[in-house]
Colleague: 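Please see the structure below; I have some questions.
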Amino acid sequence: MKYAAPRGTRDILPADSPLWQLVENVCRHYFTLYNYREIRTPLFESTELFTRSIGDSTDIVKKEMYTFPDRKGRSLTLRPEATAAVVRAGLENNLITADSLTKLYYLGPMFRYERPQAGRQRQFHQAGAEVFGSSDPLLDAEVIKLCVDLFKALGLKELEVSLNSVGCRNCQPAYRTAVQQYFRQHAKALCADCQARLLTNPLRILDCKEGSCQSFIEKAPAALDHLDQECRAHFDKLVGWLDAWQVKYRVNSRLVRGLDYYTKTAFEVVSRQLGAQNALCGGGRYDNLVEELGGKPTPAIGFAIGLERLIEVMNKLNLERPAEGPELFIATIGDAARQVGVQLLAEARSKGVSADLDYLGKSLKAQLKAADRIKAAHVYIIGDEELKKKTGLLKNMATAEQKEVPFDQLLAQSDHSCGCGDDCRCE
RNA sequence: GCGGCCAUGGUGUAGGGGCAACACAGCAGAUUGUGGUUCUGUUGUCACGGGUUCGAUUCCCGUUGGCCGCCCCA
């Protein structure tokens, strides 16, 4: 093969795209239902936007960004996530202000230079939402419920919502110290990775999957026990709202987010039907980010859904694929019949009936076969006999029934010309 | 960035130092103008580069890529 898709990228082929469209439509539907409005930002931004927001010491910034100089030497980076870009765009266009509530959603490709693995690609897609302007814990509950509702609508089961609070600028340092001190006592028993983490990022030890570390992790200080009063109250109210809405969750004091900007609420939705990369959705509150990027202090919360992973789970669900294929296939025999067929083809399309015909000069038999293969619902057959009577044969491909329908009757009832496609509800 | 396994038609697999096999899909036929079944035919630089060899698709090394795990994340 001379040319192949770059490592970690994938083509979404016609066989898969109906499922993608379904997922995208459901996402848009639920975001809209919750009154979020779409924002589309550039796929690349100035590098500094990401280093500032995500954090210099995070893996994303240290080794996963697609960074390149443009022709004038400015450093640009393909977006590894969307939150920073949404904040930038919101501030630049005056969408985000400290005294009003703004709800935004996005959907599109992100880029991270990582080793490809199940559920992880270098170009991947996220759908996400962000709310700016309120620190009400009801919003934390709302975004979590939004995720859960959306997944349920897609038929997902065996999901688990993990919930934690990582505190704020006030309580984070003390907790970090407590964790560090605790693990220092058991340093010799920890795995090699964790011994290194003890110095660089002790909170990460809580996330270790090594069996030998588990017993220590279980007894480690919990983030929730080290929250200051405000953070604790926020968490308690959030939990109260989730209970009120009957959203099930599991408090997981080991849940740590990998991006520096998170404060207070952190959550994740994981699926048991995925491998090691099992988080379908992750998010949390980031009350300091807007200010960090040059805005007035503005509380915010958001999340992102990994669409590849979502689709992987849906593929395992074995759900029925949406019907594909045109409504009408026009099969003709001979040049004169083709003339008529071409006219009907245009008429069908102008009336909103998806239609196609043969472009390969195939025999009638082969045309039928082609129509069958593309899953056409009906075939309209025109040959010499039909030309004389100005009446074609309309065949239902599912039932094999066939009846005579005059040329001028074929599309008489169809008048669907809005051009908005099969899912249209405008009539 | 680190480790394990792997690379053969479009897809899924067999094979083995000297005609590369099978299934499915695709395309074309099986006498006149009717799809799904059946039958026949057809579809490959055995990932790339180098080495060993009279000869490599097969053995060895490297590269690239894939899967899985670590790290991290969605």
Side-chain angles (χ1 to χ4, degrees), chain A residues 1-10 13 15 54-55 57-64 80-83 107 109-128 147 191-194 196-197 200-201 204 207-210 255-259 262 267-271 274-284 302-313 325 329 331-334 337 360 362-387 392-402:
Chain A
M1 195 71 60
K2 190 160 186 186
Y3 296 107
R7 185 164 161 84
T9 67
R10 194 172 287 182
L13 301 173
I54 297 168
S57 66
T58 59
D59 276 27
I60 293 180
V61 167
K62 276 198 308 198
K63 52 186 196 189
E64 294 175 2
E81 57 107 39
T83 301
L107 198 149
M110 309 292 159
F111 307 86
R112 290 183 201 173
Y113 192 94
E114 295 184 273
R115 185 97 181 237
Q117 191 182 320
R120 192 168 71 190
Q121 273 141 237
R122 290 183 173 179
Q123 176 174 339
F124 60 104
H125 296 79
Q126 288 186 334
C147 284
C191 70
D193 282 341
C194 285
R197 288 184 190 121
T200 56
N201 196 346
R204 282 264 151 241
D207 220 14
C208 181
K209 274 118 197 161
E210 199 68 39
L255 179 64
V256 186
R257 309 261 72 219
L259 287 69
Y262 283 109
F267 73 96
E268 227 171 56
V269 180
V270 302
S271 167
L274 291 171
Q277 314 302 325
N278 64 353
L280 277 176
C281 159
F303 69 88
I305 297 169
L307 296 186
E308 275 79 4
R309 292 179 192 178
L310 180 53
I311 279 170
E312 197 186 328
V313 175
F329 188 93
T332 62
I333 306 148
L360 298 172
K362 289 186 178 185
S363 66
L364 178 63
K365 185 192 183 83
Q367 290 183 58
L368 264 298
K369 197 173 179 178
D372 183 56
R373 207 168 61 77
I374 62 173
K375 298 192 180 96
H378 301 277
V379 175
Y380 192 63
I381 301 166
I382 309 169
D384 293 340
E385 293 291 306
E386 289 73 25
L387 279 176
L393 297 169
L394 184 65
K395 178 166 189 162
N396 181 318
M397 293 298 277
T399 62
E401 279 175 278
Q402 193 166 295

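Order of the sequence lines fixes the chain letters, A, B, ..., with proteins taken first and strands second; residue numbering starts at 1 for each chain.
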Colleague: Side-chain donor-acceptor pairs under 3.5 Å in residues 370-379 of chain A, sequence neighbours left out?
Modeller:
| unit_1 | atom_1 | unit_2 | atom_2 | d |
| --- | --- | --- | --- | --- |
| A:H378 | NE2 | A:E327 | OE2 | 3.4 |

Colleague: Both A:R373 and A:A304 contact RNA chain B. Taking the nearest nucleotide for each, which residue is further toward the 5' end?
Modeller: A:R373

Colleague: Looking only at heavy atoms, what is the nearest atom pair of A:R309 and A:A279, with distance?
Modeller: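 The answer is NH1-O, 2.9 Å.
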
Colleague: Could you tell me whether A:A371 contacts a base, only the sugar-phosphate backbone, or nothing, with contacts defined as non-hydrogen atoms closer than 4.0 Å?
Modeller: nothing

Colleague: So A:E64, base contact, sugar-phosphate only, or nothing? Heavy-atom distance under 4.0 Å.
Modeller: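 Sugar-phosphate: the residue A:E64, judged by heavy atoms under 4.0 Å, touches backbone atoms but no base.
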
Colleague: Apply side chain to side chain contact (heavy atoms under 4.5 Å, CB included) to A:A366 and list each qualifying residue two or more places apart in sequence or on a separate chain.
Modeller: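 For A:A366 the side chain to side chain contact (heavy atoms under 4.5 Å, CB included) partners, ignoring immediate neighbours, are A:K362, A:S363.
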
Colleague: For the pair made of CG in A:L274 and P in B:G69, what is the distance, rounded to whole Å?
Modeller: 10 Å

Colleague: Where is the tightest heavy-atom contact between A:Q123 and A:P109, given as atom of each residue plus distance?
Modeller: NE2-CB, 3.4 Å

Colleague: Using whole Å, what does the distance between atom C1' of nucleotide B:G36 and atom NZ of A:K375 come to?
Modeller: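 Going from NZ in A:K375 over to C1' in B:G36 covers 12 Å.
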
Colleague: For A:Q121 versus A:G8, what's the shortest heavy-atom pair and its separation?
Modeller: CB-O, 3.1 Å

Colleague: Between B:G1 and B:U63, how far is it from one P atom to the other, in whole Å?
Modeller: 13 Å

Colleague: Taking B:C60 as the reference, what is the distance to B:G17 when you measure between their C1' atoms (whole Å, please)?
Modeller: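 It works out to 13 Å between them.
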
Colleague: Just call it for A:A400: base, sugar-phosphate, or nothing, with non-hydrogen atoms closer than 4.0 Å on any strand.
Modeller: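 Base contact.
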
Colleague: Begin from the C-alpha positions of A:E64 and A:R122 and carry the test side-chain contact (heavy atoms from CB on, under 4.5 Å) through to its verdict.
Modeller: CA-CA 9 Å; A:E64 294 175 2; A:R122 290 183 173 179; over 6 Å; no

Colleague: For a quick check, tell me whether the side chain of A:Q402 and the base of B:U34 share a donor-acceptor pair closer than 3.5 Å.
Modeller: yes

Colleague: Using whole Å, report how far CZ of A:F267 lies from P of B:A74.
Modeller: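 Spelled out: CZ on A:F267 to P on B:A74 is 11 Å.
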
Colleague: Rounding to the closest angstrom, what is the interatomic distance between B:U11 and B:C2 at atom P?
Modeller: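 It comes out at 30 Å once rounded to the nearest Å.
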
Colleague: Just to be sure I understand the rule, does A:G128 reach a base, reach only the sugar-phosphate, or reach nothing, if contact means heavy atoms closer than 4.0 Å?
Modeller: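 A:G128: no heavy atom of the nucleic acid under 4.0 Å.
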
Colleague: When rounded to the nearest Å, what value does the distance between P atoms of B:G41 and B:C5 take?
Modeller: 42 Å

Colleague: For the atom pair CD (A:Q126) and OG1 (A:T83), what is the distance rounded to the nearest 0.5 Å?
Modeller: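 Rounded to the nearest 0.5 Å, the CD-OG1 separation comes out at 8.0 Å.
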
Colleague: Check nucleotides 28-33 of chain B for protein N or O atoms closer than 3.5 Å to its own N or O atoms and list the pairs.
Modeller:
| unit_1 | atom_1 | unit_2 | atom_2 | d |
| --- | --- | --- | --- | --- |
| B:G33 | O6 | A:D384 | N | 3.3 |
| B:G33 | O6 | A:E385 | N | 2.9 |
| B:G33 | N1 | A:E386 | OE1 | 2.8 |
| B:G33 | N1 | A:E386 | OE2 | 3.2 |
| B:G33 | N2 | A:E386 | OE2 | 3.0 |

Colleague: For nucleotides 63-67 of chain B, which of its nitrogen or oxygen atoms have a protein nitrogen or oxygen under 3.5 Å away, and what is each distance?
Modeller:
| unit_1 | atom_1 | unit_2 | atom_2 | d |
| --- | --- | --- | --- | --- |
| B:G66 | OP1 | A:G8 | N | 3.1 |
| B:G66 | OP2 | A:R7 | NH1 | 2.3 |
| B:C67 | OP1 | A:R10 | NH2 | 3.3 |

Colleague: In chain order, what residues pass the side-chain hydrogen bond (donor to acceptor under 3.5 Å, both in side chains) check against A:E308, with sequence neighbours excluded?
Modeller: A:H125

Colleague: Please report the distance separating the P of B:G44 from the corresponding atom of B:G50, rounded so that it comes out in whole Å.
Modeller: 24 Å

Colleague: Send over the distance from A:L368 CG to B:G36 P, rounded to a whole Å.
Modeller: 9 Å

Colleague: May I have the distance from A:H378 (atom NE2) to B:G35 (atom P), rounded to whole angstrom?
Modeller: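 To the nearest whole Å, that distance equals 18 Å.
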
Colleague: As a check on the pairing definition, encode RNA chain B in dot-bracket form, counting Watson-Crick and G-U wobble pairs whose two distances are under 3.5 Å, and using | for partners outside this strand.
Modeller: (((((((..((((....[..)))).(((((.......)))))....(((((..]....))))))))))))....

Colleague: Looking only at atom C1', what distance separates B:A21 and B:U58, rounded to whole Å?
Modeller: 15 Å

Colleague: Report the C-alpha separation of A:I60 and A:E81 in whole Å, then their side-chain angles, then the decisive distance to 0.1 Å, and conclude whether the side-chain contact (heavy atoms from CB on, under 4.5 Å) test is met.
Modeller: CA-CA 10 Å; A:I60 293 180; A:E81 57 107 39; 5.5 Å; no

Colleague: Figure out the CG/C1' separation between A:L13 and B:G10, and round it to whole Å.
Modeller: 12 Å

Colleague: Assuming nearest nucleotide by heavy-atom distance, tell me which of A:F124 and A:K395 is located more 5' along RNA chain B.
Modeller: A:K395

Colleague: Atom CD of A:E114 and atom P of B:C68: how far apart are they, to the nearest Å?
Modeller: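 Spelled out: CD on A:E114 to P on B:C68 is 14 Å.
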
Colleague: Whole angstrom is fine here: how far is it from CG in A:N278 over to P in B:G69?
Modeller: 10 Å

Colleague: Rounded to whole angstrom, note down the C1' distance from B:U57 over to B:A7.
Modeller: 12 Å

Colleague: Checking side-chain contact (heavy atoms from CB on, under 4.5 Å) for the pair A:L368/A:M397: CA distance, chi angles, key distance, verdict?
Modeller: CA-CA 9 Å; A:L368 264 298; A:M397 293 298 277; 4.1 Å; yes

Colleague: Taking the minimum atom-to-atom distance to the side chain of A:D372, which one of B:G35, B:A74, B:C72 wins?
Modeller: B:G35

Colleague: Should the side chain of A:R120 and the base of B:A74 be counted as holding a donor-acceptor pair, with the cut-off at 3.5 Å?
Modeller: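 In this structure, the two groups form no donor-acceptor pair.
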
Colleague: So how far is it from A:E386 CD to A:T332 OG1, rounded to the nearest 0.5 Å?
Modeller: 11.0 Å

Colleague: Any idea which heavy atoms bring A:P80 and A:F124 closest together, and the distance?
Modeller: O-CZ, 4.0 Å

Colleague: For A:F303 versus A:C281, what's the shortest heavy-atom pair and its separation?
Modeller: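 Closest heavy-atom pair between A:F303 and A:C281: CD1-SG, 3.9 Å.
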
Colleague: Would A:N396 and A:L394 count as a side-chain contact (heavy atoms from CB on, under 4.5 Å) here? Give the steps.
Modeller: CA-CA 7 Å; A:N396 181 318; A:L394 184 65; over 6 Å; no

Colleague: In whole Å, what separates the P atom of B:A25 from that of B:G12?
Modeller: 15 Å

